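Every value quoted in this text rests on a predicted model; they were computed, and no experiment measured them. Lettering of chains follows the sequences in order, A, B, ..., and the numbering in each one begins at 1.
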Amino acid sequence: MSRTLRDAILAACADLEAAREALCLLDATSGDGDHGVTMAIAARGVRAKLAQLPADEPEGVVRAAALGMAGAGGTIGAVYARGLLAVAARLHEAESEMPTVALLASAVYRAAIATGGLGAQPGDKTILDALQPLAAALADAAAANLSMPETLARADAAARQGADATADMVARVGRSARFAERSRGTIDPGAASLAIIVHALVTSALRPAGPD
Amino acid sequence: MSRTLRDAILAACADLEAAREALCLLDATSGDGDHGVTMAIAARGVRAKLAQLPADEPEGVVRAAALGMAGAGGTIGAVYARGLLAVAARLHEAESEMPTVALLASAVYRAAIATGGLGAQPGDKTILDALQPLAAALADAAAANLSMPETLARADAAARQGADATADMVARVGRSARFAERSRGTIDPGAASLAIIVHALVTSALRPAGPD
Amino acid sequence: MLKKLINDPFDAVDEMLEGYVDAHAGIVRLAAPRVIGRAVPAGPKVGLVVGGGSGHEPAFLGYVGPGVADAAAIGNVFAAPGADICLDAIRAASSGRGVLLAYGNYAGDVLNFDLASELAAAEGITCRTIRITDDVASAPPGHGELRRGIAGLSFVFKVAGAAAERGDDLDEVVRLAERANAACASIGVALAACEVPGAGRPTFELGADELEVGMGIHGEPGLQRGKLEPADAVVERMVGAILVDQEARRVAPGEIALLVNGLGATAYLDLYIVYRAARRRLEAAGWTVSRSFVGEYVTSLEMAGASITIMSLDDELLALLDAPARTARLSI
Amino acid sequence: MLKKLINDPFDAVDEMLEGYVDAHAGIVRLAAPRVIGRAVPAGPKVGLVVGGGSGHEPAFLGYVGPGVADAAAIGNVFAAPGADICLDAIRAASSGRGVLLAYGNYAGDVLNFDLASELAAAEGITCRTIRITDDVASAPPGHGELRRGIAGLSFVFKVAGAAAERGDDLDEVVRLAERANAACASIGVALAACEVPGAGRPTFELGADELEVGMGIHGEPGLQRGKLEPADAVVERMVGAILVDQEARRVAPGEIALLVNGLGATAYLDLYIVYRAARRRLEAAGWTVSRSFVGEYVTSLEMAGASITIMSLDDELLALLDAPARTARLSI
Ligand SMILES: Nc1ncnc2c1ncn2[C@@H]1O[C@H](COP(=O)(O)OP(=O)(O)O)[C@@H](O)[C@H]1O
Ligand SMILES: Nc1ncnc2c1ncn2[C@@H]1O[C@H](COP(=O)(O)OP(=O)(O)O)[C@@H](O)[C@H]1O
Ligand SMILES: [Mg+2]
Ligand SMILES: [Mg+2]
Ligand SMILES: [Mg+2]
Ligand SMILES: [Mg+2]
């Protein structure tokens with residue numbers, strides 16, 4: 001999976017870049033209009049960090065992605081970096097490199113905890129409102145002993161639904177805090193970018209392995 | 001006529017103010033877009049100078065108008081001021097205050113001479129291309145012993161035709177010098193404002209005297 | 001799309017920095033990637049690090065130099081600098097007597113500077129923080145800690161920088177920076193939007209005859225969107241909001257510094273007309289304007305509009321405001 | 001109609017001046033209506049009068065103060081000051097050793113300053129004149145006397161002002177001002193129009209993806225209208241035009257001061273990117289940039305765009321450029 005993880009992350013980078021203007025537009029409605037640009041810069045940074053990485057073990061790959069995200073700066077760079085570093089730490093603790101549904105669920109749960117402490121509450125219309133449903137879906141899948149493909153499909157749907165649901169929320173933290181009612185009706189850009197990333201990762205992981 | 005002259009000048013001021021945006025538009029095509037504003041400021045200045053003027057003898061009225069124009073600054077303020085001061089000087093030399101066609105022709109001829117020495121040649125697409133035909137029409141009228149009303153009507157037409165003819169010219173002096181071909185097709189703003197002034201003066205002079 | 005004189009949007013910040021250090025080589029140098037340091041590092045003294053997203057030039061880089069900041073951490077456009085940049089700036093500013101981090105109170109800046117501060121502590125560098133919160137439109141009185149920082153940044157930088165420069169210790173520099181921040185109140189008005197390079201469209205839209213009072217320096221929403229009015233009426237609304245806030249904070253009219261800051265596209269002609277109106281309005285309310293600044297201090301790319309900042313003065317703050325400075329933006 | 005923060009357009013210049021003298025009372029005063037003089041008149045020395053239409057702020061009023069000009073004659077927006085204003089400025093600047101009149105080479109300025117100069121002579125004040133002609137786009141080489149003055153104004157003001165300040169006599173100040181003018185070459189690029197207050201519409205129109213290289217500071221037409229390109233390509237065209245002119249004038253590459261001037265609406269982000277490109281291009285052609293200025297020096301209201309100016313330096317000009325100055329715009 002680790003070669004696949006690198007590929008999956010690169011696919012996510014490409015999808016983020018393709019969504020640049022769309023994510024900026026979401027951020028313009030309820031923030032400062034830069035989210036798509038910041039994520040595109042982050043995608044470049046992640047790609048650069050991955051290119052420098054000799055080995056392909058998952059912890060290292062995730063850590064490289066975290067540094068790439070951090071390099072983009074902004075609120076979102078710090079949030080993603082913190083979340084990904086928590087994932088990397090959990091992978092570090094893992095006994096085997098074999099990805100299991102339980103390990104995935106546990107790692108994403110750690111990310112949700114790590115990024116939950118930055119001032120936003122669930123319902124505040126942030127990335128957390130996509131990340132926490134994602135973590136919950138993975139925990140449910142682990143508890144239900146679902147297969148990896150089934151788990152990933154549910155994860156994808158959970159992140160997407162979580163993001164979509166932010167449209168009904170009113171922004172309370174970050175730069176869009178004072179937008180209050182003006183932010184209703186638009187999806188939170190951070191939640192939207194997370195859904196894009198999850199979708200790319202899942203799609204890549206589910207793709208049947210072909211010749212290199 | 002001197003009470004009438006003051007009224008006529010005030011009428012010209014009002015017409016210039018009404019033409020503010022139109023004159024700016026002409027200047028925007030071939031210059032810096034300010035001519036209507038400068039003429040409107042000049043109109044205010046002239047009105048203020050006239051208001052300070054106790055007597056109504058023509059020379060004083062024209063001199064006050066010259067100072068009002070000068071106060072607006074710009075190319076055009078200096079050009080009008082010079083022309084009007086030349087008119088005032090000619091009036092000063094006049095033996096009678098009775099306006100004759102000959103005196104009018106002579107005064108405007110002086111203005112054409114005075115403003116002709118500022119770097120522009122006939123055909124350069126400036127106010128001179130309206131002023132010089134105006135002076136010529138007055139000279140012809142004087143030579144032909146035309147009546148004052150007939151003379152004024154011809155003067156009006158000459159200034160208008162002179163201004164209109166600048167549309168076929170290419171600007172060579174002043175700020176529009178480099179516009180060259182781009183200036184063709186648009187009337188010179190300075191010529192246009194002179195035509196407006198002449199028309200207002202003539203219309204006012206020809207209007208039958210009514211009760212005050 | 002707004003027209004810009006840039007190359008690839010992704011290179012804009014780095015190219016700007018290259019130009020900046022070449023243009024002002026006598027004052028600054030590139031101390032690390034995305035870190036502007038003084039050409040000649042000073043010290044031993046308390047270090048002052050300023051920083052934030054790009055697009056607010058001359059903030060933050062224009063405040064680096066003798067008398068003001070030791071280093072600026074430079075983020076992408078409207079994005080806080082990453083923690084690694086903040087840490088490099090802290091290192092560049094540190095000369096052993098501790099470092100003050102001064103920045104506008106935005107989530108991204110807080111996250112990244114806080115992390116850098118922890119990392120610096122692990123290297124033995126003591127950091128303290130001042131989050132600047134002068135924008136009265138960004139949260140109601142009583143919620144000052146939620147407010148954003150706008151042009152008041154420049155006053156706080158100047159006061160803290162002057163205190164550090166004369167040799168005050170870290171506690172004292174922090175105390176004075178906090179006093180300066182508490183003494184500031186600002187409000188902005190936007191007439192036309194800016195555009196983040198690469199975003200493809202302006203950050204917000206205003207109707208042809210609209211303005212927004214209270215808008216933030218990234219296009220954050222303000223207090224009221226309304227019709228464009230004469231400058232005196234707009235200023236009346238702006239100063240009105242500042243004075244309501246001063247009253248709520250029980251600040252009595254007194255001596256102030258007055259700053260009229262252009263957001264980017266607004267002409268000096270307008271800025272001085274705004275200054276005139278603001279000064280008259282403040283004087284009518286009993287305030288005394290004893291220092292004045294008019295120009296671009298904290299911009300929002302090419303946004304049209306202006307902000308008004310007052311800083312209450314006493315002898316302590318005035319001396320620091322008047323102290324000599326030789327940065328690209330401030331030459332006193 | 002472009003949005004402005006002004007009141008009645010007819011009051012704009014006077015209100016700006018009111019604001020200006022209040023904001024900078026330590027440096028300037030209103031010496032007469034529409035005349036900005038120094039707060040503390042200097043002398044006996046050669047007086048330096050600068051001036052022109054409004055809308056180019058910080059020109060011309062921002063150059064009044066110790067080390068630069070003694071007085072500025074202020075016209076309406078884009079309209080030369082009337083001769084009476086010019087005369088009042090001459091009187092304010094005169095301290096018995098003669099007065100130099102320095103202004104951009106525009107028909108209106110020439111007419112009004114020339115008349116004022118004659119009137120001053122009648123009062124016993126000797127005036128000399130320097131008409132600044134740095135805009136290479138405004139007339140071909142060999143017709144330098146037809147060229148307009150743009151941002152090079154600030155270099156010529158600085159050099160002449162420094163010479164006058166150190167006590168040079170009128171002939172010498174004229175000689176140095178002429179040298180500075182001859183040493184300057186500039187070109188502008190416009191991206192979006194400005195609007196004269198009261199005109200009702202912008203001065204010109206550019207398509208959404210157009211720019212015009214060589215446009216003057218009142219929107220005078222330039223050399224070529226073309227598609228918006230990356231900054232490096234635009235600068236290539238601009239510096240190219242300057243270098244063609246230098247060659248035509250047989251000026252060999254040497255030491256220069258480089259000024260990148262914002263026309264009004266263009267962000268510092270862009271200006272430093274333009275500076276970087278211009279410097280690289282000039283250095284590649286063998287020139288050495290030893291002094292740099294980036295910011296707004298001679299604007300065109302809220303026009304978007306920038307200009308590039310070079311001034312060839314030798315020890316004489318460099319010393320004058322570096323001499324101390326304390327005006328609202330120049331603090332050296
Ligand atoms: N305190 C917070 N905790 C977690 N996520 C946050 C917080 N504040 C903002 N966010 C997320 O950050 C996103 C904005 O990211 P971005 O536009 O890149 O940064 P910035 O707000 O600095 O411009 C928001 O859409 C939201 O999802
Ligand atoms: N050298 C000149 N002699 C006479 N008239 C001139 C000259 N140069 C320009 N003009 C006139 O001035 C007019 C422009 O006036 P205005 O726009 O008010 O001044 P400015 O050119 O200073 O902006 C032109 O339309 C032209 O008629
Ligand atoms: Mg954002
Ligand atoms: Mg004009
Ligand atoms: Mg941002
Ligand atoms: Mg003009």
For [X] versus [Y], what's the shortest heavy-atom pair and its separation?
X: C:V77; Y: A:D34; value: O-OD2, 3.8 Å
X: A:D32; Y: C:F78; value: OD2-O, 3.3 Å
X: A:A72; Y: C:A79; value: O-CB, 4.3 Å

Open item on the list: Suppose we screen for ring-ring contact (aromatic ring centres under 6.0 Å, His included). Which residues come up paired with C:Y63, at least two apart in sequence or across chains?
Closed with: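 Scan of C:Y63 (ring-ring contact (aromatic ring centres under 6.0 Å, His included), adjacent residues dropped) gives C:F157.
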Open item on the list: Among residues at least two apart in sequence or on other chains, which ones pass ring-ring contact (aromatic ring centres under 6.0 Å, His included) with C:Y20?
Closed with: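 Per chain and number, C:Y20 pairs via ring-ring contact (aromatic ring centres under 6.0 Å, His included) with C:H24, D:Y272.
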Open item on the list: My understanding is that only residues two or more places apart in sequence, or in another chain, count here; which of them pass side chain to side chain donor-acceptor pair (under 3.5 Å) with C:R201?
Closed with: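 Side chain to side chain donor-acceptor pair (under 3.5 Å) list for C:R201, sorted by chain: empty.
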- [ ] Flag the one option from A:T38, A:L23, A:I41 with the top tally of heavy-atom pairs under 4.5 Å to chain C.
- [x]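 It is A:I41.
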Open item on the list: With chain C as the partner, which of A:G71, A:A78, A:A70 has the greatest number of non-hydrogen pairs under 4.5 Å?
Closed with: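 Of the candidates given, the most pairs with chain C belong to A:A78.
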Task: Close side-chain approach of C:L111 and A:L118, heavy atoms under 4.5 Å - done: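 In contact.
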- [ ] Write out, in numerical order, the residues from residues 15-22 of chain A with a heavy atom short of 4.5 Å from a heavy atom in chain C.
- [x]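 Only A:R20, A:E21 of residues 15-22 of chain A have a heavy atom under 4.5 Å from chain C.
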- [ ] Among C:P9, C:P81, C:C194, C:G200, single out the residue with the greatest number of heavy-atom pairs under 4.5 Å to chain A.
- [x]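 It is C:G200.
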Open item on the list: Measuring from atom OH of C:Y106 to atom OG1 of A:T75, what distance do you get when rounded to the nearest 0.5 angstrom?
Closed with: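 Between C:Y106 OH and A:T75 OG1, I get 11.5 Å after rounding to 0.5 Å.
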A quick test of your reading: do over 12 heavy atoms of other residues, nucleotides or ligands sit less than 6.0 Å from [atom1] of [X]?
X: C:E145; atom1: CD; result: yes
X: A:R82; atom1: CZ; result: no
X: C:F204; atom1: CZ; result: yes

